[in-house]
There are 2 protein chains.
Amino acid sequence: MEKAQKAFFETYTDFQCYVIAQVNNGDFNGVGATHYNIVEYLYRNGPATGKTLAQKFHISAPAISRHVKLLLEKKLLVQKQLPEDRRNFLLEVTGKGKLLVDGSENQRHSVTTRISSMLPKNELEQFTRTLRKIVDILKEE
Amino acid sequence: MEKAQKAFFETYTDFQCYVIAQVNNGDFNGVGATHYNIVEYLYRNGPATGKTLAQKFHISAPAISRHVKLLLEKKLLVQKQLPEDRRNFLLEVTGKGKLLVDGSENQRHSVTTRISSMLPKNELEQFTRTLRKIVDILKEE
DNA sequence: AAATTTATTTAACTTTGTTAACTATTTACA
DNA sequence: TGTAAATAGTTAACAAAGTTAAATAAATTT
């Protein structure tokens with residue numbers, strides 16, 4: 001294997017360990033990583049249906065259904081049945097849900113905040129561009 | 001939130017979805033993602049003990065123990081008790097284990113290979129440098 | 001020699017994903 | 001228009017892979 005490839009490979013796998021560990025361990029007041037990501041996604045992108053979330057997060061509809069059920073119980077989301085197609089339920093973040101995302105004690109959010117604040121702006125921009133390319137490569141399959 | 005930060009944040013979370021999906025779904029002949037990562041790590045870095053693996057992958061000793069047990073059953077690893085301290089068991093990749101990693105049908109390996117072959121060399125090097133910084137930031141805590 | 005520490009394993013449990021089967025609703029079309 | 005197919009979501013049963021607590025065996029400390 002070529003040197004640049006090898007360096008990338010090692011760093012990437014090292015990084016992957018952290019991402020996985022963060023997902024496995026991150027549980028904040030009974031709100032797991034995927035729970036949090038759902039709330040945050042709906043906060044930033046506006047209301048969406050369960051189906052959209054399943055596609056976004058690449059998990060099955062029943063998995064989303066269980067997550068949403070818990071988030072409704074915790075009053076972090078509310079559900080609105082659409083009159084034009086009553087099979088669809090739009091999910092919306094509550095004030096409490098927004099507080100969860102905005103909260104400064106939020107570890108999940110702070111990881112990306114910390115990363116982006118510790119890199120020079122141009123380096124961050126270049127990194128984001130390459131990472132976007134990588135995501136697009138991954139999406140192709 | 002600043003524009004560059006926001007772009008990073010969105011791309012990062014999108015990327016994270018793929019990493020997690022890959023870990024959840026990736027099961028190749030009964031060998032899951034962590035199983036494979038263990039074999040590959042030992043292949044590339046030489047024999048190591050369970051304790052080392054637990055530290056490397058940020059998972060508990062019992063989790064490693066279960067993974068290793070399966071990998072021994074599948075003859076992908078062998079175990080050698082060290083005479084100088086018989087509590088330590090060095091884990092080593094077998095020929096069969098090496099074939100798993102080297103195999104061209106190997107999806108896990110091919111993700112990083114595909115990424116690195118689709119980026120210009122200097123972009124890959126810059127990306128690796130920034131990603132290494134990020135891993136170091138994450139390691140600090 | 002006894003107590004403590006260390007590496008590993010076993011047992012019991014939790015979380016979070018999966019597929020299969022179900023309900024409710026909408027759409028297609030003979 | 002009435003029936004069949006498709007779609008969104010849920011429930012049930014299960015699997016994978018993590019966790020902590022407790023057990024074992026070996027080495028080290030006192």
Side-chain angles (χ1 to χ4, degrees), chain A residues 16-39 42 47-74 77-92 108, chain B residues 16-39 42 47-74 77-92 108:
Chain A
Q16 195 177 252
C17 289
Y18 278 93
V19 173
I20 296 165
Q22 198 201 335
V23 170
N24 285 331
N25 305 331
D27 191 283
F28 183 65
N29 284 352
V31 177
T34 306
H35 295 136
Y36 176 79
N37 290 333
I38 288 170
V39 175
L42 293 171
T49 64
K51 185 171 202 270
T52 305
L53 294 175
Q55 287 164 346
K56 167 72 187 170
F57 293 101
H58 304 278
I59 57 180
S60 64
I64 287 292
S65 184
R66 176 147 29 77
H67 286 310
V68 166
K69 192 180 176 188
L70 180 134
L71 293 169
L72 291 170
E73 282 165 8
K74 286 197 175 273
L77 300 183
V78 286
Q79 211 174 22
K80 283 179 192 163
Q81 193 172 36
L82 289 182
E84 62 267 31
D85 184 340
R86 285 161 11 212
R87 289 172 303 185
N88 284 282
F89 293 87
L90 262 200
L91 298 161
E92 206 170 337
R108 297 180 204 295
Chain B
Q16 196 176 254
C17 288
Y18 279 93
V19 173
I20 294 165
Q22 199 201 336
V23 169
N24 286 332
N25 306 331
D27 189 287
F28 184 65
N29 285 350
V31 177
T34 307
H35 295 137
Y36 176 80
N37 290 335
I38 289 170
V39 174
L42 293 170
T49 64
K51 185 171 202 276
T52 305
L53 294 175
Q55 287 164 345
K56 167 72 188 170
F57 292 100
H58 305 279
I59 57 180
S60 64
I64 286 292
S65 184
R66 175 149 28 81
H67 286 310
V68 165
K69 192 180 175 187
L70 179 134
L71 294 169
L72 292 171
E73 282 165 8
K74 287 198 176 271
L77 301 181
V78 287
Q79 211 175 24
K80 284 178 190 162
Q81 193 172 38
L82 289 181
E84 63 267 30
D85 184 341
R86 285 163 11 214
R87 287 172 304 185
N88 284 281
F89 292 86
L90 261 199
L91 298 161
E92 207 171 335
R108 294 179 203 299

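In what follows, chains are A, B, ... by sequence order, proteins preceding strands, each numbered from 1.
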Between B:Lys74 and B:Gly30 the two heavy atoms that sit nearest each other are CE-O, 3.8 Å
Within residues 77-86 of chain A or reaching into it, pairs that qualify as salt bridge (Lys or Arg N to Asp or Glu O under 4.0 Å) - sequence neighbours excluded:
A:Lys80-A:Glu92, A:Asp85-A:Arg87
Check whether any side-chain N or O of B:Gln79 sits under 4.0 Å from OP1 or OP2 of C:dT9, and answer yes or no.
yes
Could you pull out all residues at least two apart from A:Lys56 that satisfy salt bridge (Lys or Arg N to Asp or Glu O under 4.0 Å)?
B:Asp14
Residues which pass side-chain contact (heavy atoms from CB on, under 4.5 Å) with B:Phe89, listed by chain and number, not counting sequence neighbours:
B:Gln79, B:Gln81
By side-chain contact (heavy atoms from CB on, under 4.5 Å), B:Ala54 pairs with (sequence neighbours left out) B:Ile64
Nucleotides 12-17 of chain C: which of its N/O atoms have a protein N/O under 3.5 Å away?
{"residue": "C:dG17", "atom": "OP1", "partner": "A:Thr34", "partner atom": "OG1", "Å": "3.0"}
{"residue": "C:dG17", "atom": "OP2", "partner": "A:His67", "partner atom": "NE2", "Å": "2.1"}
{"residue": "C:dG17", "atom": "N7", "partner": "A:Arg66", "partner atom": "NH2", "Å": "2.9"}
{"residue": "C:dG17", "atom": "O6", "partner": "A:Arg66", "partner atom": "NH2", "Å": "3.0"}

Of residues 48-55 of chain A, the positions that come close to DNA chain D - non-hydrogen atoms, cut-off under 4.0 Å
A:Thr49, A:Gly50, A:Lys51
Nearest-Å distance for atom pair NZ/C1', residues A:Lys69 and D:dG9:
13 Å
Can you tabulate the close N/O pairs, meaning under 3.5 Å, that link protein atoms to atoms of nucleotides 3-5 of chain D?
none

Whole angstrom value for the distance that separates P of D:dG18 from CG of B:Leu70
12 Å
Applying side-chain contact (heavy atoms from CB on, under 4.5 Å) to B:Val19 and not counting sequence neighbours gives A:Tyr12, A:Gln16, A:Val19, B:Phe15
What N/O pairs connect the protein and nucleotides 24-30 of chain D at under 3.5 Å? Give each pair on its own line.
{"residue": "D:dA27", "atom": "OP1", "partner": "B:Arg86", "partner atom": "N", "Å": "3.2"}

Can you tell me how far apart CD (B:Gln55) and CG (B:Leu53) are? Round to the nearest 0.5 Å.
9.5 Å
I need the minimum non-hydrogen distance between B:Ile20 and A:Val23, along with the two atoms involved.
CD1-CG2, 3.3 Å
Roughly how far, to the nearest 0.5 Å, is the CG atom of A:Asn88 from the NZ atom of A:Lys51?
9.5 Å
With rounding to the nearest 0.5 angstrom, report the CG to CG distance, B:Leu77 to B:Leu90.
11.5 Å
Between C1' of D:dT10 and CG of A:Leu71, the distance in whole Å
16 Å
Quick one: B:Ile38 CD1 to D:dA17 P, roughly how many Å, whole number?
10 Å
Euclidean distance, atom CZ of residue A:Phe57 to atom C1' of C:dT18 [Å, nearest integer]
18 Å
Report the distance from atom CD1 of A:Ile59 to atom CD1 of A:Ile38, rounding to the nearest 0.5 Å.
5.5 Å
Contacts of type side-chain hydrogen bond (donor to acceptor under 3.5 Å, both in side chains), residue A:Thr49, not counting sequence neighbours
A:Thr52
Suppose the criterion is side chain to side chain donor-acceptor pair (under 3.5 Å): which pairs have a residue in residues 60-71 of chain B, not counting sequence neighbours?
B:His35-B:His67
